[in-house]
Amino acid sequence: MTHCPYCALQCGTQLSQDNGAVRVRPTDFPVNRGGLCQKGWTAPALLDTPDRLRTPLIGGKPADWDTALDTVANELRRIRNEHGPDAVGVFGGGGLTNEKAYLLGKFARLALGTSRIDYNGRFCMSSAAAASTAAFGLDRGLPFPVTDLGDADVVLLAGSNVAETMPPIMRHLDGARLIVIDPRHSRTAERATLHLRPVPGTDLAVALGLLHLVVTGGWCDEAYIRTRTTGFEDARRRAIAWWPERVEQVTGVSAAALRDAARLLGQARSAYVLTGRGAEQHSNGTDTVSAFINLALALGLPGRMGSGYGCLTGQGNGQGGREHGQKADQLPGYRMITDPLARQHIAQVWGVPPETLPGAGLSAYELLDSLGTARGPKGLLVFGSNPAVSAPHAGHVIDRLSALDMLVVADFVPSETARMADVVLPVTQWAEEEGTLTNLEGRVLRRKRLRPPPDGVRTDLEILHGLAVRLGEPETRYPTSPRAVFDELRRASAGGKADYSGISYARLDAGEALHWPCPDTGEPHPGTPRLFLDTFAHPDGRARFVDVEHHDAAEAVGPDFPLYATTGRVLAHYQSGAQTRRIRELAEAEPEPFVEVHPDTADLAGLREGDLAEVRSARGRMTARVRLTGTLRLDTVFLPFHFPGDGSANRVTNAALDPTSRMPEFKVCAVRIGPAEAGHD
Ligand SMILES: Nc1nc2c(c(=O)[nH]1)N[C@H]1C(S)=C(S)[C@@H](COP(=O)(O)OP(=O)(O)OC[C@H]3O[C@@H](n4cnc5c(=O)[nH]c(N)nc54)[C@H](O)[C@@H]3O)O[C@H]1N2
Ligand SMILES: Nc1nc2c(c(=O)[nH]1)N[C@H]1C(S)=C(S)[C@@H](COP(=O)(O)OP(=O)(O)OC[C@H]3O[C@@H](n4cnc5c(=O)[nH]c(N)nc54)[C@H](O)[C@@H]3O)O[C@H]1N2
Ligand code: SF4
Ligand SMILES: [Mo]
């Protein structure tokens, strides 16, 4: 068995070959129980996509591997000599296997000696990670297995459209009453008992209002609050000022609907509060998640069988990708790079003095924003991301990428970012390589190789090895065998928060379900499917309420830009679309960029169904086909971000960052819409 290459659900699949064609079928793996979404079913098509990269490219022209790697290493060395080690940067991805993410972080810190490494997970779950760490002392997306959701009475989904983003998970939610918070009547909202439609960016006030009603309704779990938490009084006092009518004014969610939601939660036998990107991708995202965690704590949910709080992690290895050191402030094992003990431990595993390790770098957007400037990197290596499409304020990011002395992209398709690169390095895909990924419930899974890669293609590990050796590093420091890297990762993670030391390929291959932490205790450790049942991860064992106040989105609507634009996903496409736009069935399902607009709003803007609209913000413009959507808020339009160029939603999005997580505000900015002028680029 292996797993789907796309999202964090990591559906179990079985691959076979039929006359050279790869076929996929779902297995009875717990998260998907025989289900797959359209992307999963069609994933094999990408293996043989006609424009698959099969040879390195220098300046767009085919080159052999030695020349390509020599070129990259020489230029990296030149930039470093002239401008210092921080003049080269690395941008990673949450789709990389644990082994790749680990080796990429090691490569950046040792072979390049740079602090300038971050990854696209910063755009994904960083706000939820920061809030979970503050509340529980530990961040694991779901601190319980997905299958636990099956017994839930009520599930609150704040800004998550799982019916499109993780369809098979709906099998576990069938029996529950759903409360969905989303400005759109999403496919998930269609399945909900109750749908709250806030103004984008106002979830924090919604959560404060729900806490208010849980307090006044007498639904707080007093004994739990007393024995398992600290800080309730401040959070309670804050929420008391958010009576329902005030919340209604700020959020547009009616006081009556808010009361219904609080009652459903308060009276539930078992309940879960889950957040997705809709609540998190805001300049107040960390505080918003804290407010939802406060609500969950007041109800006594986290750390209880049959209830809890969780963040629905997004990318295939969104969980593992945040644990092994490709984040600017992190070392393997979910350790902080500023912690002297952590530095000592990792330096010892890597066989270097702790002083050689650089300090904390810049977050993803800040890194991209600094490229090619006096203070920023002149060379950048990208592994597993397509920021020319997926980064906020993408027009600016494209300018920054263009200002580099050297952009190197490792990918298996010519993504929009790869097309800008000076050097492109072609890599293997999921069904051609081995490794591990960690799914949204912290379960470590094996990726298995079905067939050999095409000639001319190398693994990411081989590329890192090849570059490191050319930069003067010892051969043995960068193993190319995933198993060897994993064994080193186990040692590096030992004693850290995300402890993998008790996990081995042999145990995973034997079918064991191992959720981290899984320390090496001498006996085979069973792993930890459920966290916090006895104690939270803070030194006093208690969870913390965090006192948070609502604040508005960074950009207000006004006469020039009177509408809120929010962005997100559709079923058929994945992320920047670099992969799914190449698969015929998916491209046919969603062939072009569109904008969802309420019919009355469209009318005022002079737009009809099927028209080409221009969407403009203070930062840029894009064009998209109008889809009239009567269930949408009148003041809001929705754009999928899966398309490049003139149809790229990120040309209009705002790069305002959350002060704690440095998450950009993908989910709200001010725009105006109107008919697209014919002939405009
Ligand atoms: N089909 C598909 N599936 C995917 C992916 C994909 O690209 N395509 N990507 C994977 C990844 S990496 C991730 S992170 C997950 C993301 O999974 P989700 O979080 O479910 O995805 P989004 O569509 O980004 O956002 C969810 C919902 O938030 C709503 N929303 C927008 N603004 C707001 C707001 O201000 N408040 C609230 N409450 N809601 C708001 C949107 O209308 C949308 O319906 O999906 C994973 N699965
Ligand atoms: N407006 C808006 N923008 C968003 C979001 C949003 O909701 N709204 N969501 C954000 C979120 S949650 C995310 S996660 C990001 C994702 O944004 P991106 O990082 O752009 O995501 P992908 O399109 O998955 O890009 C991955 C690239 O790496 C390649 N790749 C895949 N696997 C590997 C591998 O193993 N090795 C190598 N070398 N390459 C590989 C793929 O072919 C693809 O080109 O987008 C963010 N951007
Ligand atoms: S839900 Fe996610 S893991 Fe499952 S088939 Fe779809 S994309 Fe793949
Ligand atoms: Mo994501």
Side-chain angles (χ1 to χ4, degrees), residues 3-13 24 26 29 31-32 35-43 46 49 53 91-97 100-101 104 119-126 162 164-170 276-278 280-281 312-318 321 364 381-394 409-418 425-430 433 435 437 439-440 447 459-460 463 565-569 571 573-582 639-642 648-654 663-667 669:
H3 298 269
C4 172
Y6 297 117
C7 86
L9 197 58
Q10 283 298 293
C11 294
T13 58
V24 64
F29 192 64
V31 297
N32 59 308
L36 285 182
C37 80
Q38 198 182 11
K39 295 185 299 304
W41 280 111
T42 54
L46 198 68
T49 185
L53 296 169
F91 201 88
L96 301 177
T97 59
K100 296 177 187 186
L104 191 65
Y119 79 122
N120 67 9
R122 182 75 68 171
F123 297 159
C124 188
M125 33 36 67
S126 57
V162 275
E164 290 199 72
T165 54
M166 296 184 180
I169 211 176
M170 295 308 283
R277 300 309 83 77
E280 299 165 9
Q281 289 173 324
L312 293 155
T313 293
Q315 296 180 82
N317 197 28
L381 308 179
V382 179
F383 282 81
S385 182
N386 187 12
V389 178
S390 59
H393 196 178
V409 175
D411 208 314
F412 35 75
V413 289
S415 73
E416 287 67 24
T417 310
L425 304 171
V427 297
T428 49
Q429 291 194 42
W430 54 291
E433 59 184 29
L437 294 91
N439 77 354
L440 76 172
R447 170 177 281 186
T459 67
D460 292 287
I463 292 173
T566 190
T567 62
R569 299 163 161 80
L571 173 63
H573 285 300
Y574 191 66
Q575 318 275 57
S576 71
Q579 299 174 73
T580 49
R581 283 184 277 110
R582 292 185 154 77
L639 299 163
F641 78 100
H642 308 295
S648 169
N650 277 321
R651 287 189 172 195
V652 303
T653 52
N654 189 0
M663 161 70 88
E665 189 144 69
F666 286 115
K667 287 294 195 266
C669 70

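For ligands, and for the atoms within them, numbers begin at 1 and follow the listed sequence.
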If you take all heavy atoms of Asn650 and Val389, which pair is closest and at what distance? ND2-O, 2.9 Å
Can an N or O of Lys667 be found at a distance shorter than 3.5 Å from an N or O of ligand 2? yes
Numbered atoms of ligand 3 (with element) below 4.0 Å of Lys39, judged on heavy atoms: 7 (S)
Atoms of ligand 3 under 4.0 Å from any heavy atom of Gly40, numbered from 1 in the order shown, are 5 (S)
Side chain, backbone, both or neither: the part of Gln10 lying under 4.0 Å from ligand 3 by heavy atom: backbone
Does any N/O atom on Gln281 come nearer than 3.5 Å to any N/O atom on ligand 2? yes
When distances are taken from atom 35 (O) of ligand 2, the protein heavy atom at minimum range is Lys100 NZ, 2.8 Å
At a 4.0 Å threshold, what atoms of ligand 3 neighbour a non-hydrogen atom of Tyr6? 7 (S)
Between ligand 3 and Leu36, can you find any atom pair, the residue atom being a heavy atom, that is separated by under 4.0 Å? yes
Heteroatom distance test (Arg447, ligand 2): nitrogen or oxygen, under 3.5 angstrom: no
Determine whether any heavy atom of Asn650 lies closer than 4.0 Å to an atom of ligand 2. yes
Atom 41 (C) of ligand 2 has as its nearest protein heavy atom Asp411 OD1, 3.5 Å
Got an N, O or S from Cys37 under 2.8 Å of atom 6 (Fe) of ligand 3? yes
Checking side-chain hydrogen bond (donor to acceptor under 3.5 Å, both in side chains) against Thr580, which of His642, Gln575, His573 comes through? His573
Protein heavy atom at shortest distance from atom 23 (O) of ligand 2: Ser576 OG, 2.5 Å
Regarding atom 13 (C) of ligand 2: of the candidates Arg122, Met125, Arg569, which has the closest heavy atom? Arg569
For Cys4, the ligand 3 atoms whose distance to one of its heavy atoms is below 4.0 Å: 3 (S), 5 (S), 7 (S), 8 (Fe)
Which residue supplies the protein heavy atom nearest to atom 15 (C) of ligand 2, what is that atom called, and how far is it? Ser390 CB, 4.2 Å
Closest approach of Arg122 and Ser126, non-hydrogen atoms and distance? O-OG, 2.8 Å
